[in-house]
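Worksheet: one structure, shown below.
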Amino acid sequence: MFKGKTVLTGVKPTGTPHLGNYLGAIKPAIALGNQATNHFMFIADYHAINAEKDPVVLNQKIKEVACVYLAFGLDPNHTVFYRQSDVPEITEITTILYAYTPKGLMNKSHAYKACVDKNREAGKPDDDGINMGLYTYPTLMAADILTFNTDIVPVGRDQIQHVEIARDIAGAFNAHYGEEVLKQPTYYIEESVAVVPGVDGRKMSKSYNNVIPLFADDKEIKKAVFSVPTDSRPIEEPKNPDEILVYEIYKSIATPEQLKEMADGLRGGKLGYGHIKNMLLSAVLDEVKEAREKYNYYMENYHEVEEMLKKGAEKARPIAQATLKRLKDKVFGR
Ligand code: TRP
């Protein structure tokens, strides 16, 4: 399905990931990128400045996200891996796209609407604290995508609308000039990716404070795993695994054999809660062991990562320049 296609993945620099981020987004994004004939992956640092105004914090997050993807096996020889701000043509293209972006389309963007709703709930004016970067965010995202003649954008459900906006903007531009100047992308949702429950049973999310961290030390990971609530039934009492949260989390990471072992042990009254928590802990630590070593290596030798990102931008820029020229030729009639 991705043979012969150009796939583009954008990641926000949000710091080190938890188990839910890894299994739900990072792992599938890397796997999918490897299947694509052309894969672009970039760190959306211009998107990030809308919210993060402290350069020290932002820089640290950018570093972390770059090292995380490399640690989990992103191959910079296959994937064109770059920082958005290292490809200035993207922002020039954004400026051209503004002229083809109806303001009403931005008014309808979920990200902006969510902020307005929050303001209303708090009894504040609609646009309180909302900057133009946030308001026009979908146009920059459209430029991210359209610059590289992208066929497919893998996204989570919350980003579908943004890809549709990119399609609409490209469509408006093409319609005006009566030819396909910009390729219209489609989004792709990986249906098989599980939502990983957090230690309280709700979706694992930083905002719920219920995460199993991956890049913390073993003790901290253990603490999170052992905080999953259980009851006081004795080991011998046969239990239905599907009613046990540790088992639900284990599902997202264990092999079928490992999963069966836990399920059989619970049903047969052979495994207690301490046992199954240790099984989950081992599975998490095994999954990230190598990645953590690589992550630490890249963080300590960040100049190597800088070099990779620079090379990525060098590969990305000629493509971006060609798209920019195509657009300028049209809009200025050259
Ligand atoms: N908006 C995306 C997010 O919040 C990040 C992003 C920016 C992106 N530009 C993109 C994703 C282009 C895909 C394609 O996660």
Side-chain angles (χ1 to χ4, degrees), residues 2 5-18 20-22 24-30 32-33 36 38-52 58 61-62 64-66 68-69 74 79-94 97-98 101 105-106 108-115 131 133-170 182-190 193 203 205-207 312-313 316 319-320 323:
F2 303 107
K5 301 288 185 198
T6 297
V7 170
L8 177 131
T9 316
V11 294
K12 281 200 302 200
T14 48
T16 58
H18 54 69
N21 298 140
Y22 168 61
I26 299 170
K27 197 178 178 183
I30 293 172
L32 206 140
N38 304 306
H39 186 220
F40 293 86
M41 177 176 275
F42 71 97
I43 301 168
D45 53 357
Y46 271 138
H47 287 277
I49 65 171
N50 297 330
E52 184 53 71
L58 181 59
K61 286 183 175 171
I62 291 168
E64 285 171 1
V65 80
V68 161
Y69 275 87
L74 181 80
T79 295
V80 180
F81 186 41
Y82 56 98
R83 262 182 310 236
Q84 185 184 34
S85 64
D86 286 339
V87 184
E89 291 79 11
I90 295 169
T91 45
E92 252 186 284
I93 289 169
T94 305
L97 296 184
Y98 282 145
T101 306
L105 209 54
M106 299 294 101
K108 280 190 258 172
S109 159
H110 294 321
Y112 166 67
K113 270 176 33 186
C115 292
N131 57 50
L134 171 71
Y135 185 61
T136 60
Y137 174 130
T139 310
L140 175 56
M141 181 155 162
D144 292 331
I145 297 168
L146 302 176
T147 296
F148 297 99
N149 312 307
T150 304
D151 294 298
I152 300 167
V153 187
V155 288
R157 298 207 172 272
D158 62 321
Q159 295 295 319
I160 293 176
Q161 187 201 28
H162 292 148
V163 180
E164 285 173 340
I165 290 175
R167 270 188 82 80
D168 286 352
I169 294 173
L182 292 167
K183 184 174 260 179
Q184 287 185 275
T186 50
Y187 63 83
Y188 172 76
I189 299 258
E190 187 113 66
V193 168
K203 180 185 175 186
S205 162
K206 249 183 220 147
S207 54
I319 304 164
T323 302

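Fair warning: this is a prediction, and the values are worked out from it, not measured in the lab. Both ligands and their constituent atoms are indexed starting at 1 by order of listing.
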Nearest 0.5 angstrom please: [X] [atom1] to [Y] [atom2], how far?
| X | Y | atom1 | atom2 | answer |
| --- | --- | --- | --- | --- |
| Y82 | D45 | OH | CG | 11.0 Å |
| N50 | C115 | CG | SG | 10.0 Å |
| Q184 | D151 | CD | CG | 12.0 Å |

Once you restrict to heavy atoms under 4.0 Å, what part of [X] touches ligand 1? Side chain, backbone, both or neither.
| X | value |
| --- | --- |
| I145 | side chain |
| V153 | side chain |
| F148 | neither |

Exercise for the section: Could you tell me if the ring centre of H162 sits under 6.0 Å from that of Y137? Expected result: yes
Checking a contact table here: which protein heavy atom is nearest [atom], and how many Å away?
| atom | value |
| --- | --- |
| atom 3 (C) of ligand 1 | Q159 NE2, 3.4 Å |
| atom 14 (C) of ligand 1 | L8 CD2, 3.5 Å |
| atom 6 (C) of ligand 1 | M141 SD, 3.9 Å |
| atom 1 (N) of ligand 1 | Y137 OH, 2.4 Å |
| atom 9 (N) of ligand 1 | D144 OD2, 2.7 Å |

Problem - Numbered atoms of ligand 1 (with element) below 4.0 Å of F42, judged on heavy atoms - result: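 Listed by number with element, the hits are 9 (N), 10 (C), 12 (C).
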Practice task
Provide the closest heavy-atom pair for L146 versus A166 in the form atom of the first, atom of the second, distance.
Solution key: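 Minimum heavy-atom separation between L146 and A166: CD1-O, 3.9 Å.
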Practice task
Indicate yes or no for a side-chain donor-acceptor contact from S205 to the backbone of S207 under 3.5 Å, with no hydrogens or angles considered.
Solution key: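 Between the backbone of S207 and the side chain of S205 there is a qualifying donor-acceptor contact (under 3.5 Å).
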Problem - Candidate list I145, L105, L182, test side-chain contact (heavy atoms from CB on, under 4.5 Å), partner I169, passing option - result: L105
